[in-house]
K.L.:
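Let me begin by handing over the structure; questions about it come next.
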Amino acid sequence: MRTHPYTGATVAFATMHGKQYLAQQAFHEILDADVIAPAGLDTDQFGTFSGEITRTLSPRTAAQVKARLGIQLAGTPYGLASEGSFNSGFGFLVEHHEVLLFIDQSRGIELVEGVIATSPLPPAREISTVDDALGYAAAVGHPEQGLMLRGGAVGELIEKDLISVESLPGVVERTLRLSAGYPLTIAPDYRAHRCPSRADVITTLAYRMARRLATACPECHTPGFGQLDVERGLRCSDCGQPTRVIAADIHGCGLCPHTVRILRPDRVAAPQWCDYCNP
Ligand SMILES: [Zn+2]
Ligand SMILES: [Zn+2]
């Protein structure tokens, strides 16, 4: 039987919100490795979605710091951490960036899988009645999808564990009364255990990471060979100028400088993507 470099390994996923369950299947199926959450970890110290603690680190750095802390607490050389960010630039769509970072301290490698997706959840909304809140709750799929209420003079967090459908109208009514005169906002809770669409994204990234770890560098045989970058500049089919369309994927090793350029199947780009033909 073929064994992977991570067969029987214990990987510490630095999480307080059950993310280890999102990676267990991928790491077990593909690598025969275990994923656990280290006890006694406080990831809220690095910032929260609900904003009680401001995030000051970049997502990648925050994931790095968390993964290292998980490694230390669990006493294993292998660590995972993920970091999500949600931005609604134009008000209607929310862009979800998620990075999943893996550290193997014994080999000295650090790998990142990331995704930018449109969140299926609506942005935060100002509410003035209980019905507004119930309509929003139905649209996001509460109670599986969690909710938060924010309001008052400084927009502080009022409620973040709105778990039951039965208690929601009462909590909203009371909060509306207390925040009289100030706007009250309802928003999705993006913590992984309260946000099924984010949990799905983390699961997908866990599969990508496990498959990457099952791929060895053709040069130095270190595990984790995979996509590092893309190369833009596919040429326009009309005028031949380079466009911003991706021409090739750059795969590389986490340890040695070996890279491979893998061309995308399309040899030319449609003129609609060309700055010259379609400015
Ligand atoms: Zn062109
Ligand atoms: Zn290598």
Side-chain angles (χ1 to χ4, degrees), residues 1-14 23 26-35 58-61 63-68 70-71 76-83 98-116 204-279:
M1 205 185 100
R2 190 164 160 247
T3 57
H4 283 295
Y6 296 103
T7 299
T10 298
V11 180
F13 202 144
F27 274 65
H28 184 73
E29 267 177 32
I30 298 171
L31 302 167
D32 199 21
D34 253 355
V35 182
S58 77
R60 179 167 175 158
T61 310
Q64 247 170 14
V65 173
K66 287 196 287 189
R68 285 193 196 127
I71 282 172
T76 164
Y78 316 116
L80 274 172
S82 91
E83 192 72 15
E98 188 81 36
V99 295
L100 179 68
L101 182 128
F102 175 83
I103 293 179
D104 176 343
Q105 274 188 340
S106 63
R107 292 183 174 87
I109 56 171
E110 182 184 300
L111 308 166
V112 177
E113 289 287 347
V115 73
I116 302 174
T204 301
L205 289 178
Y207 270 95
R208 273 169 44 182
M209 186 63 81
R211 279 193 292 267
R212 182 184 193 129
L213 290 171
T215 310
C217 171
E219 204 60 34
C220 75
H221 312 291
T222 299
F225 196 78
Q227 184 163 14
L228 292 182
D229 207 350
V230 293
E231 186 186 295
R232 293 176 195 279
L234 195 63
R235 288 184 184 273
C236 170
S237 62
D238 261 19
C239 72
Q241 297 288 326
T243 67
R244 269 169 290 174
V245 177
I246 294 168
D249 294 298
I250 309 300
H251 287 216
C253 178
L255 194 65
C256 82
H258 184 63
T259 56
V260 174
R261 186 167 168 266
I262 301 163
L263 292 173
R264 292 275 175 107
D266 289 335
R267 305 309 313 131
V268 285
Q272 71 181 110
W273 306 114
C274 177
D275 284 341
Y276 182 74
C277 299
N278 188 22

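Along the sequence shown, residues carry numbers from 1. Given the structure is predicted, the values throughout are model-derived calculations rather than measurements. These numbers come from the heavy atoms of this one structure, side chains and all, not from hydrogens, waters or symmetry mates. Just follow the structure's listing: the first ligand is 1, and inside any ligand the first atom is 1.
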K.L.:
Which value, rounded to 10°, describes the SG(C277)-the Zn ion (ligand 1)-SG(C236) angle?
P.N.:
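Vertex the Zn ion (ligand 1), arms to SG of C277 and SG of C236: 110°.
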K.L.:
Considering all heavy atoms of both residues, which atom of T76 and which atom of A12 are nearest to each other, and what is their separation?
P.N.:
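Heavy-atom minimum between the residues: CG2-CB, 3.9 Å.
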K.L.:
Run the salt-bridge test on E110 and R60 with the 4.0 Å N-O cut-off and return the result as yes or no.
P.N.:
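Salt bridge flag = yes for R60 with E110.
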K.L.:
So does R264 have more than 12 non-hydrogen atoms from other groups sitting under 6.0 Å from CZ?
P.N.:
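Counting neighbours around CZ of R264, more than 12 heavy atoms of other residues, nucleotides or ligands fall under 6.0 Å, so yes.
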K.L.:
On the 0 to 90° scale, with breaks at 30° and 60°, tag the F102-Y78 ring pair as parallel, tilted or perpendicular.
P.N.:
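If you compare the ring of F102 with that of Y78, the planes turn out parallel.
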K.L.:
Has H221 got an N, O or S atom lying less than 2.8 Å from the Zn ion (ligand 2)?
P.N.:
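So H221 does not count as coordinating the Zn ion (ligand 2).
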K.L.:
Tell me, please, if C217 has any N/O/S atom, main chain or side chain, under 2.8 Å from the Zn ion (ligand 2)?
P.N.:
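An N, O or S atom of C217 is closer than 2.8 Å to the Zn ion (ligand 2), so yes.
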K.L.:
Tell me the angle that SG of C274 and SG of C239 form around the Zn ion (ligand 1), rounded to 10°.
P.N.:
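Between SG of C274 and SG of C239, at the Zn ion (ligand 1), the angle is about 100°.
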